[in-house]
S.K.: 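What follows is a structure written as structure tokens; I'll ask about it next.
As the structure lists them, so they are numbered: ligands from 1, and atoms in each ligand from 1.
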Amino acid sequence: MPDSTTAVAVAAARAAADPSGACGPASAGWAPPPPLEPGELLELDRRHVWHPYAPMPGTSEPLVVESASGVRLRLARPAYGRRELVDGMSSWWSAVHGYNHPVLNEAVRAQLGRMSHVMFGGLTHEPAVRLARRLAGLAPGDLEHVFLCDSGSVAVEVAVKMCLQHWRSLGRPRKRRLMTWRGGYHGDTWQPMSVCDPDGGMHHLWSGALPVQVFADAPPSGFDAEPDEAYLAHLRETVGRHAGELAAVIVEPVVQGAGGMRFHSPAYVRALREACDEHGVLLVLDEIATGFGRTGELFAAGHAGVTPDVMCVGKALTGGYLSMAATLCTPRVAEGIARGSVPVLAHGPTFMGNPLASAVADASLGLLLSQDWRAEVRRIGDGLRAGLAGAAGLPGVREVSVLGAIAVVRLDHQVDTAAATRAAVRAGVWLRPFRDMVYAMPPYVTGDEDVARIAAALCAAAREG
Ligand SMILES: *Cc1c(COP(=O)(O)O)cnc(C)c1O
């Protein structure tokens, strides 16, 4: 339906395309549309907009966020008396510097004035090159080749494709299965789904459709727990037994995120590295949630002193500004692929290397490294631990664990998400409990008082969920 906004936009686009500038300034006359009234917005949302893991039409009422700044989300209208919520989730691990950050805003704005996007086939640009150089420099070992893509799930797809193609190119096409351990999460597209936890990942819904992968038992819990010899043997044995058909082992190192929020000993990651080396299997570490300091090391693999053959990063990569992820690999993996009859990696998303996302990612990593991020992550972890000191004694609480800037309160029952969320919002905090837990991973810029508030909200959510 053509309206005056469209007419103005068309005129502005023509003006921008006219190098003489004869049509006047490109932005003349354009104004953002008037805001929707919250009730109307929610009605349209329910009718048209699909939300994560939600039915259509929607059945639960989301909170409407009007803006966000620092660590606070501002709601369009108050919920349980709160107009502002302290964000305990970093928008799913991503907004590590908080919202509306002047440095990141400026990085996007500066890039916006040059170009928002150009295709990456046959063209390249400085933001992507800078970002790739930075990632290669930060990553452990010789992970020096970088494939920039749109999302974490796609980064995992690319990792899988790299590994399978590596073996195909070396004349070993039978090596095409993946091994992982239970309790993991690697994304919602098809290959990643096949290595998600088979119970939590709804494998029963897809039996007969998903590729069938090799699953080891879930790693025993506890970052500091003494490594379990029987489990180490189980890992080695599983890799050895399936080596002839395995392209790669793929796991989340040290912290299993959306598959159940469990921490394990870095010794298990080391054992996988050794078994993969011994049996000629590639090791993929999915650092999409754990990367960029969240666990107290820049990458969680650092706790284990391990370099994978392929590594996926995403989530915090752009500081939560734009969707981008990356798959890094070693020269050995790349050389294997190059030796095949099809020597190219046959993958090329339309928005590969997006300049806006690359620019803000490079700025976000620069911002992270310019500060003592280790101290900030430790401070937040200490604050969460202190605030949760009494939580283990609450009725219904099974276990409380904190690692880096991540806190998990595990319950002895399925959480009532609505009740737990309501309790957190009443306490002025945004949390998103699921399964049998309430958990938080705050932005690194969260001040001490707000960390205490998040811990109190975790307790309230655990009590009422
Ligand atoms: C979130 C996540 C993914 C998927 O990333 P998306 O950007 O949501 O596609 C993959 N692996 C891990 C470990 C994750 O936490």
S.K.: Restricting to pairs with a member in residues 265-290, which pass ring-ring contact (aromatic ring centres under 6.0 Å, His included), not counting sequence neighbours?
M.R.: Tyr231-Tyr268
S.K.: Picking from Asp197, Asp217, Leu235, what satisfies side chain to side chain contact (heavy atoms under 4.5 Å, CB included) with Trp181?
M.R.: Leu235
S.K.: Between Glu335 and Arg332, is there a salt bridge with N-O shorter than 4.0 Å?
M.R.: no
S.K.: Between Asp228 and His234, do the side chains contain a donor N or O and an acceptor N or O under 3.5 Å apart?
M.R.: no
S.K.: Rounded to the nearest 0.5 Å, how far apart are OG1 of Thr330 and CE of Met311?
M.R.: 12.0 Å
S.K.: Who are the residue neighbours of ligand 1 when the rule is a heavy atom under 4.0 Å from any of its atoms?
M.R.: Ser151, Gly152, Ser153, Tyr185, His186, Gly187, Glu252, Asp286, Ile288, Ala289, Lys315
S.K.: If the plane angle is over 60° it's perpendicular, under 30° parallel, otherwise tilted; pick one for Phe351 and His117.
M.R.: tilted
